[in-house]
There are 2 protein chains.
Amino acid sequence: MFSKACEYGIRASTYIALQSHEGKRASLKDIARETDSPVAFTAKILQQLSKNKIIDSVQGAAGGFEIVKSKINHIKLSEIVYAIDGDNVYMGCGLGLEKCNANKPCPVHDKFVAIRDDLRDMLENTTLYEMTSGLEVGLTYLKR
Amino acid sequence: MFSKACEYGIRASTYIALQSHEGKRASLKDIARETDSPVAFTAKILQQLSKNKIIDSVQGAAGGFEIVKSKINHIKLSEIVYAIDGDNVYMGCGLGLEKCNANKPCPVHDKFVAIRDDLRDMLENTTLYEMTSGLEVGLTYLKR
DNA sequence: TCAAAATAGGACAATTTTGTCCTATTTAAT
DNA sequence: ATTAAATAGGACAAAATTGTCCTATTTTGA
Ligand code: FES
Ligand code: FES
């Protein structure tokens with residue numbers, strides 16, 4: 001569904017949101033540990049998210065990554081997915097034809113678009129805040 | 001969503017079904033041309049589908065690939081996807097945790113499972129026959 | 001000022017996926 | 001029988017994705 005990079009990116013963003021909500025800055029090491037992700041690879045992804053203004057990075061000792069509190073409620077999964085995986089999730093054809101196109105649809109077009117739209121809706125309606133709410137009370141997990 | 005191999009596999013199977021329905025056997029060359037897929041790579045995928053009893057292959061001159069007419073109506077997309085991509089579509093976690101697990105769910109579990117189940121339903125309820133019906137009348141396409 | 005701790009970023013390596021090429025085998029037609 | 005046309009399958013190559021390593025830079029705090 002999503003690339004590994006995107007999966008790591010969502011998990012990392014969620015953890016950063018969780019920490020930021022408590023006023024804590026998250027270090028790369030912590031993020032990688034708490035999301036069970038490879039450290040250096042995660043670093044690259046965080047750079048990408050930072051360039052896309054989804055997270056903020058602070059260099060230097062006591063630096064790390066954070067998300068402005070007021071944004072946690074507004075950042076949607078769709079933004080993260082788009083920043084890392086691009087628009088394939090939203091525009092791709094289920095059978096791999098060059099872009100989905102209703103004017104020359106593949107045989108699964110109608111059924112596929114319905115599912116893809118549900119997925120888009122889901123991503124556009126799920127905020128980082130929503131992602132963190134179950135974590136705090138031990139209802140959901142970012143690693144096992 | 002699906003791997004390239006799987007996309008090619010679905011397109012190839014659909015074309016073979018279309019030809020078999022008219023009593024014609026499809027050659028690798030024709031299949032690759034009519035689905036705009038790389039010939040040798042498609043050959044490997046057809047072998048896989050053949051081993052999984054989804055299509056039949058006939059060696060020798062005038063050989064090719066075909067699907068028993070009575071099966072066209074019964075072969076579901078889910079079987080093709082499973083034969084090529086395995087069970088990741090059905091069991092995978094949206095955030096990449098080792099297998100989806102409702103007892104230790106990731107933060108998108110509930111929403112993701114709903115979409116994944118819709119996708120599964122779609123694949124399990126779409127037959128090759130249904131895939132071909134629009135092709136014959138020029139309503140849908142296997143390439144552009 | 002200096003050392004330590006952290007991110008930034010370039011270069012590289014490993015793995016997986018995608019794709020090609022060549023030879024063997026099978027079958028039909030001559 | 002021989003040849004031609006087709007799939008089977010192994011070995012290999014290319015490309016994309018995933019992951020590592022090292023150095024530079026930034027910042028804090030002693
Ligand atoms: S054309 Fe294939 S999904 Fe729209
Ligand atoms: S645990 Fe992640 S989707 Fe079910």
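Every chain is numbered from 1, with letters handed out A, B, ... down the list of sequences.
Distance CD1 (Ile84(A)) to C1' (dT18(D)): 13 Å, rounded to an integer number of Å. Nucleotide dA6(D) holds its C1' atom 14 Å from the CD1 atom of Ile16(B), rounded to whole Å. Rounded to a whole Å, the CD atom of Gln48(B) is 11 Å from the P atom of dT18(C). In this structure, the CD atom of Gln59(A) is 19 Å from the P atom of dA4(C), given to the nearest Å. Put simply, CG on Asp85(B) is 9 Å from P on dT17(C), counting in whole angstrom units. Here the P atom of nucleotide dT7(C) and the CZ atom of Phe41(A) are 17 Å apart, to the nearest Å. The nearest whole Å value for the distance from the CG atom in Leu28(A) to the P atom in dT20(D) is 12 Å. Residue Gln47(B) contributes atom CD, which lies 14 Å from atom C1' of dA11(D) at whole-angstrom precision.
Comment: Glu124(B) does not engage Lys76(B) in a salt bridge, judged by the lack of any side-chain N to carboxylate O separation of less than 4.0 angstrom.
Applying the 4.0 Å criterion to OP1 and OP2 of dT18(D), one finds that Tyr8(A) has every side-chain N and O outside that range. Taking side-chain N and O atoms only, Ser57(B) has a distance below 4.0 Å to OP1 or OP2 of dA8(D). Distances shorter than 4.0 Å separate none of the side-chain N or O atoms of Lys44(B) from OP1 or OP2 on dC21(C). The shortest distance between the side-chain N/O atoms of Ser50(B) and the OP1/OP2 oxygens of dT7(D) is not below 4.0 Å.
Using cut-offs of 30° and 60° for the angle between ring planes, the Phe41(A) and Tyr8(A) rings count as perpendicular.
By the 4.5 Å heavy-atom criterion applied to side chains, Ile84(B) and Leu49(B) are counted as neighbours.
Between Ala62(B) and Ile31(A), it is Ile31(A) whose nearest contact on DNA chain C lies nearer the 5' terminus.
Between the side chains of Ser20(A) and Lys69(A), not a single donor N or O lies within less than 3.5 Å of an accepting N or O.
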